Amino acid sequence: MSSILSVENLTKMYKSVCVLNNVSFEIKAGSVVGLLGPNGAGKTTTMKIIMDLIPKTTGRIHYDNKTRIIYLQDVPEFYDFYQVKEYLKFILELNQFKGDIKSKIEETVKLVGLEAELNKRIKSLSRGLRQRLGIASSIIMKPDVLILDEPVSALDPIGRKEVFDLIGQLKGKMSIIFSSHILSDIERICDHVILLDKGSILLNKSISDIQLDDRVLVIEFNDVETLRIFSDEWKETLEIKEKTISITTKNLTQSQNKVFEILHKKGLMVESVHLKKINLEDIFLKEVGVKNE
Amino acid sequence: MSNFFILLRKDLTALIRSKKLLIMIVMLALFAMESPLIAAVTPKLLKSMGEEYAAITNLIPKPTNIDAFAQLSKNITQIVLLVTIAMFSPILVREKVKGTYSTLKMNGVKLKEFLLSHICSQVIVFTLSYLVSMIIFVFYTIVLFDKMPKHSFFSLMCLYLFMLVFIVLINVISHFSKSTTMSMVGSFVFYFGFAFLTMFEKVNQYLPMKLTDYATGVLNGNMGSKQWVTIYSNVIFVLILLCIGLFLKKDRINNRSD
């Protein structure tokens with residue numbers, strides 16, 4: 001896939017505070033990219049700089065002049081005095097749309113599930129419906145890149161699922177960058193993840209490279225001495241936290257056999273052994289934790 | 001259709017549906033009705049208060065159509081102007097603060113089109129309301145005082161120009177403001193600043209406030225170059241304000257590569 005948008009050494013200073021520090025990444029055409037990070041990481045700043053809504057301090061944003069990029073803020077604002085269909089018509093007119101406006105509006109509201117609200121005033125719409133309208137107005141002109149800032153932050157679980165299903169439907173039709181705190185959703189939908197913390201990129205990988213298929217064997221010991229004997233005998237990479245050892249493995253059977261062999265050989269007793277699947281939350285906490293240490 | 005006309009239609013729709021047009025028409029129409037009525041009725045009211053006020057009522061001259069203009073001028077330059085500032089000054093800046101301007105920008109709207117459409121829509125709303133109210137004013141003045149004074153059209157145009165200057169001014173201030181409060185405070189600062197400057201004879205004749213003096217001063221009198229100096233200086237002031245709004249605040253453009 002070719003790159004449709006690239007950010008190069010982007011830095012943003014607010015007076016003496018650095019909120020983005022040499023951030024660089026590329027967005028491939030048709031990909032879905034999740035922008036992760038705790039509050040204040042610089043996600044919204046990055047998005048707004050790409051859209052030229054706030055000025056950058058240094059760095060470059062590269063995209064073709066013909067590339068159409070649309071940004072949708074976390075709580076979208078509209079002209080509330082308009083009806084849904086009037087607002088979408090207004091957006092089409094601003095873009096000098098030449099085709100059949102009526103059928104274009106009908107096609108878009110059908111995609112986002114707003115058919116029943118077509119003649120309603122925007123001010124009467126619920127948060128979830130407003131979010132859908134925001135997405136409808138963003139995709140109606142088929143942008144090349146759609147940037148969604150926390151698109152589900154104000155929604156209940158059902159609303160969140162609906163919006164993510166919608167993003168899933170758009171996958172492949174345009175490049176999508178979105179930020180979210182719901183890591184399981186990012187894991188489900190995204191092709192690529194960029195993890196930001198305190199203005200710097202901690203992780204920039206495709207989901208397939210993150211090895212979410214790895215398993216973790218978590219062994220809880222009765223005392224620290226037993227744990228020390230085990231770890232001396234293991235001789236491979238493991239993670240120790242208080243009385244617990246975590247072993248990340250690709251070959252579960254082999255690792256399990258080795259664990260039980262050491263326990264048997266040394267006559268060690270354990271409190272519990274359980275298996276965990278690695279998810280994005282583990283990686284997020286690990287990366288942010290490492291940076292903060 | 002160009003973006004300017006699409007935005008103008010949007011801004012007019014907003015002013016109509018938010019009932020700002022209705023408020024402006026009703027307010028101006030009430031003052032247009034009230035001004036000649038108050039001018040005609042006040043002396044009669046005082047006389048009806050009884051013999052003990054005879055000393056005062058004897059001093060009051062017979063009301064004329066000029067009194068109706070004076071009353072109208074006072075209402076427009078005070079209440080109408082303050083209501084206009086309160087109604088119009090937050091509109092433009094609110095779009096930037098809320099983020100609706102960002103949507104426009106992403107859809108190809110230029111900052112100049114955005115500012116001009118707001119100014120034009122408000123000028124259209126005010127003009128329409130002013131036209132309706134002036135028809136009412138002329139009707140009541142003729143009914144109560146038999147005729148209109150000499151130079152009455154010029155007088156009404158002075159009041160109209162005074163309001164236009166302020167509509168452009170409050171939009172330009174709103175354009176440069178970062179919040180609705182800053183926009184409103186800025187507009188009032190200019191209003192009171194102009195009022196303060198009227199104390200200085202040398203600058204007084206160039207100020208918008210001078211237009212309101214002429215709105216009554218020229219009636220049944222002579223018009224000379226002084227009035228035109230004030231009109232021209234205010235027209236130039238409006239053009240300068242527009243240039244400041246249109247050219248001093250620019251759209252930022254990111255470094256793009258083909």
Side-chain angles (χ1 to χ4, degrees), chain A residues 3 5-10 44 47-56 58-83 86-97 121-123 133-134 137-138 140-141 143 145-147 149, chain B residues 1-23 87-88 90-118 121-122 125 178-180 249-258:
Chain A
S3 165
L5 167 77
S6 72
V7 173
E8 209 177 278
N9 301 323
L10 195 64
T44 302
M47 291 173 163
K48 286 189 171 176
I49 290 176
I50 292 173
M51 292 313 300
D52 195 24
L53 297 175
I54 52 172
K56 60 188 182 291
T58 57
R60 285 178 72 84
I61 315 284
H62 298 271
Y63 54 89
D64 193 287
N65 275 333
K66 289 176 203 147
T67 304
R68 190 178 161 73
I69 306 177
I70 290 287
Y71 166 78
L72 185 64
Q73 61 189 23
D74 50 353
V75 182
E77 288 291 345
F78 307 98
Y79 296 110
D80 285 356
F81 55 85
Y82 270 148
Q83 293 174 341
E86 287 174 331
Y87 182 71
L88 294 173
K89 186 181 170 212
F90 170 67
I91 297 290
L92 286 171
E93 283 175 345
L94 284 180
N95 287 282
Q96 315 295 329
F97 181 73
R121 285 272 176 98
I122 296 174
K123 68 178 169 193
L133 177 60
S137 63
S138 304
I140 197 163
M141 285 305 296
V145 182
L146 176 62
I147 301 179
D149 189 2
Chain B
M1 203 179 350
S2 81
N3 277 351
F4 167 74
F5 289 106
I6 297 165
L7 290 176
L8 182 62
R9 195 179 59 196
K10 182 267 292 176
D11 291 331
L12 283 171
T13 310
L15 291 170
I16 293 165
R17 292 192 185 169
S18 62
K19 306 214 168 31
K20 288 191 170 75
L21 172 66
L22 183 69
I23 293 168
M87 263 196 331
F88 289 165
I91 293 177
L92 195 148
V93 67
R94 196 180 287 143
E95 285 222 38
K96 291 185 185 177
V97 174
K98 272 175 70 180
T100 46
Y101 169 66
S102 304
T103 308
L104 298 179
K105 196 179 163 187
M106 281 185 284
N107 287 287
V109 171
K110 301 271 181 297
L111 203 55
K112 293 180 178 68
E113 297 166 330
F114 175 70
L115 172 67
L116 274 181
S117 76
H118 274 294
S121 62
Q122 290 169 21
V125 162
K178 288 185 174 166
S179 66
T180 51
K249 202 168 170 82
K250 290 180 179 170
D251 286 305
R252 285 189 315 277
I253 295 169
N254 257 334
N255 298 325
R256 295 176 194 177
S257 61
D258 294 311

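Since we're looking at a predicted model, the values are computed, not measured. Numbers restart at 1 for each chain; the letters A, B, ... are given by sequence-line order, proteins then strands.
- If you take CD1 on B:Ile6 and CG on A:Leu94, they are separated by 5.0 Å, rounding to the nearest 0.5 Å.
- For B:Lys10, the NZ atom sits in a packed shell: over 12 heavy atoms of surrounding residues, nucleotides or ligands are nearer than 6.0 Å.
- For the pair A:Phe81 and B:Leu15, the minimum side-chain heavy-atom distance is 4.5 Å or more.
- Contact record, B:Arg17 with A:Gln83: NH1-N, 4.4 Å, taken as the closest heavy-atom pair.
- The distance from the CD1 atom of A:Ile54 to the OG atom of B:Ser102 is 10.5 Å, given to the nearest 0.5 Å.
- The distance from atom CD1 of A:Ile91 to atom CG of B:Leu104, rounded to the nearest 0.5 Å, is 7.0 Å.
- Using a 4.5 Å heavy-atom threshold, the side chains of B:Thr103 and A:Ile70 count as separate.
- Residue A:Arg68 comes nearest to B:Met106 through the heavy atom pair NH1-O, 4.3 Å, listed as atom of the first residue, atom of the second, then distance.
- Two residues are said to be in side-chain contact when any heavy atoms from C-beta on lie closer than 4.5 Å; B:Thr100 and A:Tyr79 meet this criterion.
- Contact count against chain A (heavy-atom pairs under 4.5 Å) is highest for B:Ala14 among B:Gly108, B:Ala14, B:Gly99, B:Ser18.
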Let me see the working for B:Asn3 and A:Gln96 under side-chain hydrogen bond (donor to acceptor under 3.5 Å, both in side chains), right down to the final yes or no.
CA-CA 9 Å; B:Asn3 277 351; A:Gln96 315 295 329; 3.3 Å; yes

Give the intermediate values and the outcome of side-chain hydrogen bond (donor to acceptor under 3.5 Å, both in side chains) for residues A:Glu77 and B:Tyr101.
CA-CA 10 Å; A:Glu77 288 291 345; B:Tyr101 169 66; over 6 Å; no

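- Residues B:Lys105 and A:Met51 are not in side-chain contact: their nearest non-hydrogen atoms beyond the backbone lie 4.5 Å or more apart.
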